[in-house]
Amino acid sequence: MEKVIEIKNLSKVYKNGRGIRDISLDIHRGEIFGFLGPNGAGKTTAMKIMTGLVTPDSGDVKILGHSILENFEGAMEKVGCIIETAESYPYLTAFENLRQFARYYKDVDSKRIEEVLEITGILKYKNEKPKKFSLGMKQRLGIAAAILSKPEVVILDEPLNGLDVEGMIHMRNIIKDLAEKEKTTFFISSHLIHDVELTCTSIGILYDGKMLNVDTTDNILKNYVSLENYFISEVERNGRI
């Protein structure tokens with residue numbers, strides 16, 4: 001299987017002692033990888049390093065064979081991402097927002113913009129301004145922007161935050177469809193155990209800045225009643241709850 005993301009001995013520790021310590025991880029094409037851990041475990045730190053927003057103390061990340069430290073543009077060329085919150089221009093319409101983002105890519109035309117609005121379920125709101133959108137609608141617009149260029153890798157920090165049940169199911173289906181049909185690789189962080197269980201094909205537990213374990217969802221659910229049971233037992237086994 002082709003490795004799409006390779007994280008090697010990644011560390012970044014802040015003055016307050018928070019951060020990540022010596023994380024290593026391989027993610028393969030078409031996987032939906034779930035980075036599961038409580039708030040403050042270091043998920044966002046890791047994702048900020050992966051997307052060049054933060055420099056690691058040590059270690060490296062390769063995306064599609066390119067090191068983010070040595071060839072950042074090459075590494076990010078086929079990556080779409082949302083870190084922390086989906087940003088948009090509040091006074092432009094949804095369509096105009098995506099047209100702004102489209103300027104960064106060679107071959108995104110109006111047809112593709114309509115397509116991603118359709119995929120994310122907000123085509124009928126294309127002429128409305130995001131300042132009137134609910135948090136869930138803003139998330140959908142953010143996802144639309146993240147997949148605009150048909151990226152091979154999509155990195156999403158807490159993508160289900162603020163969505164109602166219907167929105168969550170829709171988002172989950174979008175992610176699964178893209179992974180299946182386009183072989184898009186997803187790297188998703190969440191503290192919502194149930195959603196990770198239903199969305200992701202493999203799961204890594206990050207706790208207190210350390211990677212406790214990585215396994216496929218199928219494997220975990222063969223051995224545990226639920227992802228929650230697995231999470232608790234992993235954390236206990238590493239002696240910390």
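It should be emphasised that the depicted structure is a prediction, and the values quoted were computed from it without experimental measurement.
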E128 side, atom CD; M137 side, atom CE - distance, nearest 0.5 Å: 6.5 Å
Closest heavy-atom pair and its distance - R21, D208: NH1-O, 4.0 Å
Flag for E31-H28: side-chain donor and acceptor within less than 3.5 Å: yes
Backbone of L123 reached by a side-chain donor or acceptor of E118 within 3.5 Å: no
Parallel, tilted or perpendicular: ring planes of F101 versus Y89, cut at 30 and 60 degrees: tilted
T51 to C81 - nearest heavy-atom pair and separation: CG2-SG, 3.8 Å
Value rounded to 0.5 Å, distance of CG in L36 from CD1 in I188: 11.5 Å
Pair D57, S11: side-chain N/O donor-acceptor within cut-off below 3.5 Å: no
T217 vs L227 side-chain heavy atoms within contact, under 4.5 Å: no
Spacing of C200 atom SG and I175 atom CD1 [to the nearest 0.5 Å]: 7.5 Å
Short side-chain donor-acceptor distance under 3.5 Å, T93 and N127: no
Where T120 and V116 come nearest, the two heavy atoms and their spacing: OG1-O, 2.7 Å
Backbone N/O of N9 and side chain of S24: donor-acceptor pair under 3.5 Å: yes
Same cluster (ILVMFWY, side-chain, under 4.5 Å), Y224 and L221: no
Min side-chain heavy-atom separation E115-K150 under 4.5 Å: yes
Of all pairs that satisfy side-chain hydrogen bond (donor to acceptor under 3.5 Å, both in side chains), the ones with a partner from residues 166-182, not counting sequence neighbours: R140-H170, R172-D195, R172-T199
Cluster overlap L156 with L198, hydrophobic side-chain contacts below 4.5 Å: no
Pair D60-S67, side-chain donor/acceptor within less than 3.5 Å: yes
Expected output: side-chain T201 to main-chain I32 donor-acceptor under 3.5 Å: yes
Main-chain N/O of L192 paired with S190 side-chain donor or acceptor, under 3.5 Å: yes
Path from L53 to F72 over hydrophobic side-chain contacts below 4.5 Å: yes
From CA spacing to verdict: side-chain contact (heavy atoms from CB on, under 4.5 Å), I143, M171: CA-CA 9 Å; I143 302 268; M171 203 57 77; 3.5 Å; yes
Worked check of side-chain contact (heavy atoms from CB on, under 4.5 Å) between L141 and I122: CA-CA 8 Å; L141 183 59; I122 53 174; 4.0 Å; yes
Distance under 6.0 Å and angle within 45° of ring axis: K126 vs F95: yes
Side chain to side chain, F231 and I203, heavy atoms closer than 4.5 Å: no
Evaluation steps, side-chain contact (heavy atoms from CB on, under 4.5 Å), between K12 and I49: CA-CA 9 Å; K12 171 79 185 179; I49 293 171; 3.7 Å; yes
More than 12 heavy atoms from other groups under 6.0 Å of CD on E2: yes
Side chain proximity check, L178 to I147, heavy atoms < 4.5 angstrom: yes
CG-OG distance between D22 and S58, expressed to the nearest 0.5 angstrom: 7.0 Å
Minimum heavy-atom distance V196-G34, with the two atoms named: CG1-CA, 4.4 Å
Nearest non-hydrogen partners of A41 and Y207, listed with the distance: CB-CA, 4.3 Å
Note, I5 side chain near V153 side chain (heavy atom, < 4.5 Å): yes
L69-I7 co-clustered via ILVMFWY side chain contacts under 4.5 Å: yes
Aromatic contact, F186 with F33 (centres under 6.0 Å): no
S202 and I27, any side-chain heavy atoms less than 4.5 Å apart: no
Side chain R18, main chain V13, donor-acceptor under 3.5 Å: no
Single-linkage hydrophobic cluster M47~Y14, side-chain heavy atoms < 4.5 angstrom: yes
NZ/NE/NH1/NH2 to OD/OE distance under 4.0 Å, E114 and K111: no
Interatomic spacing from CZ in F35 to CG in D157 - rounded to 0.5 Å: 10.0 Å
Considering all heavy atoms, the nearest E96-L92 contact: OE1-CA, 3.5 Å
Under 3.5 Å donor-acceptor, Q139 side chain and E158 backbone: yes
Whether K43 side chain and P38 backbone form a donor-acceptor pair below 3.5 Å: yes
CA sep, side-chain torsions, deciding dist, call: I63, V79, side-chain contact (heavy atoms from CB on, under 4.5 Å): CA-CA 9 Å; I63 301 179; V79 176; 3.7 Å; yes
R29/E152 salt bridge by N-O under 4.0 Å criterion: yes
R112 CZ to L98 CG distance, which is reported to the nearest 0.5 Å: 10.5 Å
